[in-house]
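Down below is the structure, laid out as structure tokens.
What's counted below: heavy atoms across the whole structure, side chains too, no hydrogens, waters or symmetry copies. Both counts, for ligands and for their atoms, begin at 1 and track the order of listing.
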Amino acid sequence: MEKKTKVSLSGIQPSGKITLGNYLGSIKNWVDIQDSDAFDNRYCIADLHSITVWQDPESLRDQTYQLFAQLLAAGLDPEKCILFVQSHNPSHPKLSWILSCFTMFGELSRMTQFKDKSQRHSDNVNAGLFTYPVLMAADILIYDADIVPVGEDQRQHVELARDIAIRFNNRFPGSFVVPEAYIPKEGAKIMSLQDPSRKMSKSDSNDNAYILVMDSPDDILRKFKRAVTDSDSRVIVSEDKPGVTNLIHIYSAVTGKSLAEVEAEFEGKGYGVFKPAVAEAVIELLRPLREKSLELLRDKAYLDDVMAIGAEKARAITEAKVREIYEKVGFVLSKAK
Ligand code: TYM
């Protein structure tokens, strides 16, 4: 296995609209890593993952275009990274099958997201929901990714991908790079604005709990003003002030200021000043992204073209990798065209 540059790979599901949590926990870092020029970058819209819970087909298709436009608007540049839709590259499920034979039932049973989702979707605890982390491992290992920029909630899945890579390499040395989760210092776990003990999630039934990347400035301001805080009005990071602590983390991730700098900025000012300031910072962060993605969405043909370019580049890398792995496990390589 020869590789010149280090690889960064990640993915995001098109199931629903993307939140400020998704943006700060992952997409923002993808763009920063891409712009640092230190890595080869591969990012995918993980539509295969999305159907582990029920999806309306038309909404899924629509959300895939929306997310693709948002990723471009956020600054992912198809000249600098391979941006593609997972289902456009059949190598992922091919490798996933092989890796599933190197993954233990017990390991998958321990995945907290599986436990959580199988409770929330108790009428549809399908095999895909269970084996989803194997597909995610295939997404990562097939590109020989060195780093996987994700939020805190995906750490366990990246750990599993590492374990699978190590196990496979023990049997077939040098097959995969063992990846590492790359988790941002600020923004890795943005919490709900209504219940700061839970992560901000698009599947929350209360839409005041999350900020969407496409929310209007008025909605963003209203949601931050309504954000749950605590009775005293000091702007400090504290375990018994989870609501305001979450807002401080958001402000820090958006502005790049340290937690101590944020505390100093709002010392003696109270929530009446702090909450609108957080809202304003988020509005300005998301404004260009929102405007640009609305513009891009008017030209579906362009989005289709960019998707096709990404798929071709992705396939060119992974088809060779799948052949290499097929050969290692003992399959006869087909001569069929
Ligand atoms: P997904 O679609 O649930 O989330 C996409 C990314 O957003 C991060 N994230 C958050 N970060 C901070 N605070 C939050 N409240 C928050 N909510 C979500 C997630 O950690 C993630 O980085 N299985 C993955 C998608 C995937 C993938 C991959 C990731 C598919 N293949 C290969 C990495 C590598 C998922 O469902 O993410």
Near [X], which atoms of ligand 1 are under 4.0 Å from a heavy atom of that residue?
| X | value |
| --- | --- |
| L9 | 32 (C), 34 (C) |
| V148 | 33 (C), 34 (C) |
| G187 | 12 (C) |
| I140 | 32 (C), 34 (C) |
| A46 | 30 (C) |

| message | A cation-pi test, strictly: NZ or CZ of K300 under 6.0 Å from the centre of the six-membered ring of Y65 and no more than 45 degrees from its axis. Yes or no? | response |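 Yes.
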| query | Hey, are K189 and D153 close enough for a salt bridge, meaning a charged N less than 4.0 Å from a carboxylate O? | reply |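 Not counted as a salt bridge, because no side-chain N and carboxylate O are separated by less than 4.0 Å.
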| Could R167 and E107 be called an ion pair, given the rule that one side-chain N must be under 4.0 Å from one carboxylate O? |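 Salt bridge flag = yes for E107 with R167.
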Residue and atom name of the nearest protein heavy atom (relative to [atom]), distance in Å to one decimal:
| atom | result |
| --- | --- |
| atom 23 (N) of ligand 1 | Y132 OH, 2.6 Å |
| atom 31 (N) of ligand 1 | D139 OD2, 2.6 Å |
| atom 3 (O) of ligand 1 | Q154 NE2, 4.1 Å |
| atom 20 (O) of ligand 1 | D153 OD1, 2.4 Å |
| atom 4 (O) of ligand 1 | N22 ND2, 3.4 Å |
| atom 10 (C) of ligand 1 | G21 O, 3.4 Å |
| atom 1 (P) of ligand 1 | Q13 N, 4.2 Å |
| atom 15 (N) of ligand 1 | I190 O, 2.8 Å |

| query | Does the N or O separation between G11 and ligand 1 drop below 3.5 Å for any pair? | reply |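 No; every N/O pair is 3.5 Å or more apart.
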| Test side-chain contact (heavy atoms from CB on, under 4.5 Å) applied to I166 and F176, step by step | CA-CA 8 Å; I166 292 168; F176 296 116; over 6 Å; no
| Where the side chain of Q70 meets the backbone of L289, is there a donor-acceptor pair that is under 3.5 Å apart? |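 Judged by distance alone, no pair lies under 3.5 Å.
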| query | Is it true that a side-chain atom of W30 and a backbone atom of L76 form a donor plus acceptor pair closer than 3.5 Å? | reply |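 A pair under 3.5 Å: no.
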When you look for heavy atoms under 4.0 Å from ligand 1, do you find them on the side chain of [X], its backbone, both, or neither?
| X | value |
| --- | --- |
| Q86 | neither |
| A188 | backbone |
| S10 | both |
| V150 | both |

| request: Determine, step by step, whether I147 and I33 satisfy the side-chain contact (heavy atoms from CB on, under 4.5 Å) criterion, reporting the C-alpha distance in whole Å, the side-chain angles of both residues, the deciding distance to 0.1 Å, and the verdict. | output: CA-CA 10 Å; I147 61 163; I33 294 167; 3.9 Å; yes
| query | Side chains of I98 and F168: does their closest heavy-atom pair fall under 4.5 Å? | reply |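 Yes, at least one pair of side-chain atoms sits under 4.5 Å.
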| request: Kindly determine whether N89 and T318 satisfy side chain to side chain donor-acceptor pair (under 3.5 Å), including the steps that lead there. | output: CA-CA 8 Å; N89 186 357; T318 58; 3.0 Å; yes
| task | Nearest 0.5 Å please: distance from the CE atom of M136 over to the NE2 atom of H92. | result |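 M136 atom CE to H92 atom NE2 measures 13.0 Å (nearest 0.5 Å).
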| field | Between F130 and F105, ring centroids under 6.0 Å | value |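 Here the rings of F105 and F130 have centres that are less than 6.0 Å from each other.
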| message | Suppose we call two aromatic rings close when their centres sit under 6.0 Å apart. Are F266 and Y251 close by that rule? | response |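 That pair passes the under 6.0 Å test.
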| query | Any heavy atom of L24 sitting closer than 4.0 Å to ligand 1? | reply |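 Outside the 4.0 Å threshold, so no.
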